[in-house]
2 protein chains.
Amino acid sequence: MSISMLESQCWGSCQTCSLSSLCLPLALCINEMKEFDAIITRRRAPLVRGENLCRQGESFTNVFAVRSGSFKQIVLDEEGEEQISHFYLPGELIGLESIDEGHYPGFVVALGRSSVCEIPFQQLDTLAERIPSLRQQLYRSISRGMNEDRHLIRLLTCKSAEERIASFFLDLGRRFRRSGFAFEHFRLPMSRTDIGSHLGLALETVSRVLGRLQQQGVISLHGRELQILRTDELYRLSEKYPSHAGGMGALR
Amino acid sequence: MSISMLESQCWGSCQTCSLSSLCLPLALCINEMKEFDAIITRRRAPLVRGENLCRQGESFTNVFAVRSGSFKQIVLDEEGEEQISHFYLPGELIGLESIDEGHYPGFVVALGRSSVCEIPFQQLDTLAERIPSLRQQLYRSISRGMNEDRHLIRLLTCKSAEERIASFFLDLGRRFRRSGFAFEHFRLPMSRTDIGSHLGLALETVSRVLGRLQQQGVISLHGRELQILRTDELYRLSEKYPSHAGGMGALR
DNA sequence: CGCAGATTTGAGCGTATTCAAGTGACGTGG
DNA sequence: CCACGTCACTTGAATACGCTCAAATCTGCG
């Protein structure tokens with residue numbers, strides 16, 4: 001009973017949502033926000049760790065906004081190998097890359113107890129037709145997604161393991177800060193394996209780099225509890241090598 | 001005189017453009033297409049090789065549609081190192097990732113004599129407000145861009161040099177085919193260096209892999225004239241190793 | 001023709017991988 | 001309560017792939 005009370009508070013309207021300032025309703029007036037609120041389907045229960053929000057290949061109908069917790073997007077390639085293409089933190093939108101092809105390109109899995117707002121895309125578009133600022137915000141959200149991907153691409157094409165991880169932590173910090181959490185102190189929602197899969201590194205490499213970063217006193221890490229001790233140094237490490245990359249050890 | 005005649009033909013309306021079926025006006029009726037046509041600014045002269053379409057940091061006002069030729073997007077990082085984040089072929093849209101931040105994230109440079117349609121984004125949005133199918137197409141274009149980027153990310157996180165280049169050629173082929181060119185025979189618009197920069201490989205590695213692919217009889221390559229001889233084999237090579245990646249030789 | 005840029009080829013090396021073993025945390029069941 | 005299995009993570013050793021450096025060759029173009 002008390003839990004459901006809490007949760008109904010949690011799932012209040014956009015007007016009471018602490019993330020509304022970085023979500024789609026960002027620039028809406030009260031009345032518009034009410035309209036927007038009306039099309040949102042709120043999930044009855046939060047998802048638990050490992051639960052699927054959507055499945056690869058499933059037809060696209062909804063965009064999701066992360067309300068709490070976090071998610072990873074896993075793409076299974078032709079050989080059945082997993083590949084983590086994206087992490088989603090509170091306030092971020094899931095599913096925008098599916099508009100074109102009409103189906104979700106991968107599984108989206110909760111990394112812990114997480115909740116989302118479910119937004120039927122068709123209705124979102126109908127509403128966006130009438131509300132220019134909502135339309136703007138939708139464009140911007142999609143565009144931002146592209147931009148983040150381009151960053152990751154640059155990271156992957158020309159950075160060493162250390163740089164990748166430094167960049168990754170800085171990126172996570174920034175994104176957490178946007179949602180009102182601390183920049184320098186947060187809990188990593190994902191495993192080392194997940195990080196490796198996302199950054200194109202073996203988990204052993206991730207582990208080794210993390211060890212090195214701790215030895216250097218740049219971060220402290222207990223389990224998944226991360227503290228960024230020297231932001232400037234982490235930043236320096238994230239862009240240490242100006243150019244290309246270097247070979248690739250072995251291949252499995 | 002004769003040139004300008006030719007060019008004015010080249011720059012005819014969307015209705016006469018061979019690419020309209022894969023560009024924004026895709027689903028528009030005659031009248032809508034005329035409206036759309038009206039907001040497009042056509043460049044007076046095609047760009048020559050090396051000419052900038054837009055500059056890094058410049059404020060975003062226009063989306064561009066490639067009409068002929070091709071472009072590369074170069075991003076200069078903090079250290080001034082170049083990084084090719086994207087190639088644009090005929091029928092593709094340039095600039096969509098700039099909507100959010102409001103400025104172009106990199107230079108877009110013509111890879112040969114190329115022409116574009118210049119579409120003021122503000123006006124495009126105004127028009128999209130009234131024309132649902134144009135809006136849909138805009139969403140889809142942006143979404144497709146994200147999707148392509150995700151593909152590249154997967155390529156970069158877990159593929160060997162050979163796989164990357166095989167994937168890259170297959171991707172180029174598909175994109176050329178969409179614009180009405182041959183899938184198995186086209187001219188590479190970019191240099192080996194450009195390919196390397198885009199795929200996170202040293203140009204020497206690109207060169208070596210190309211040599212190997214030719215020896216194996218998978219492709220034939222004279223200068224930049226590429227012929228895909230065995231598509232199935234190229235496809236097989238593009239997904240040879242199911243998983244991770246491998247080290248990174250040296251780091252400059 | 002001759003230069004500049006693009007590409008090819010060779011030798012040696014370094015980073016990150018793979019394989020392998022070992023530690024630690026956690027929850028289950030005897 | 002402790003043995004045990006599982007899972008995430010750490011650490012070590014050997015290896016491989018692609019990088020860097022260097023020089024040669026090819027190409028396009030004035």
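Reckoned from all heavy atoms, side chains included, excluding hydrogens, waters and symmetry mates. Residue numbers start from 1 in every chain, and the chains themselves are labelled A, B, ... in the order their sequence lines are given, proteins ahead of strands.
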key: Rounded interatomic separation in angstrom, taking CG from A:Leu221 and P from D:dA8   = 16 Å
query = Please give, in whole Å, the distance from C:dA16 C1' to A:Leu199 CG?
reply = 14 Å
query = Looking only at N and O atoms, is any donor in the side chain of A:Arg208 or the base of D:dG12 less than 3.5 Å from an acceptor on the other one?
reply = yes
Please enumerate all protein N or O atoms sitting under 3.5 Å from an N or O of nucleotides 1-7 of chain C, with distances to 0.1 Å.
residue	atom	partner	partner atom	Å
C:dT7	OP2	B:Arg192	N	3.0

request  = Of all the heavy-atom pairs spanning A:Ser179 and A:Leu19, show the shortest one and how long it is.
outcome  = CB-CD2, 3.9 Å
Between protein and nucleic acid, restricted to nucleotides 24-30 of chain D and to nitrogen or oxygen atoms under 3.5 Å apart, what atom pairs and distances do you find?
none

note = Tightest non-hydrogen contact, residues A:Leu237 and A:Glu163, listed as O-CG, 3.1 Å
key: Nearest-angstrom distance from the residue atom CG of A:Leu210 to P of D:dT11   = 10 Å
task = Using the six-membered ring of A:Phe107, assess whether NZ or CZ of A:Arg55 lies under 6.0 Å from its centre and within 45 degrees of the ring axis.
result = no
ask   = Taking CD from B:Glu204 and C1' from D:dC21, how many angstroms apart are they, rounded to a whole number?
value = 8 Å
query = With no angle test and no hydrogens, is the base of D:dC17 tied to the side chain of B:Glu162 by a donor-acceptor pair under 3.5 Å?
reply = no
query = Do B:Arg150 and A:Gln73 have side-chain N/O donor and acceptor atoms under 3.5 Å apart?
reply = yes
request  = Tell me, please, which residues at least two apart from A:Glu118 pass salt bridge (charged side-chain N to carboxylate O under 4.0 Å, His left out).
outcome  = A:Arg43
message = Starting the side chain at C-beta, find the nucleotide from C:dA16, D:dG18, C:dA20 nearest to B:Ser160.
response = D:dG18
ask   = Between the side chains of B:Ser114 and B:Ser68, is a donor N or O closer than 3.5 angstrom to an acceptor N or O?
value = no
request  = Could you check how far CG of A:Leu111 sits from P of D:dA8, rounded to whole Å?
outcome  = 12 Å
inquiry  = Without decimals, in angstroms, what is the distance between A:Leu213 CG and D:dT10 C1'?
reply    = 15 Å
message = With a sphere of 6.0 Å drawn around CZ of A:Arg224, does it hold more than 12 non-hydrogen atoms of other residues, nucleotides or ligands?
response = yes
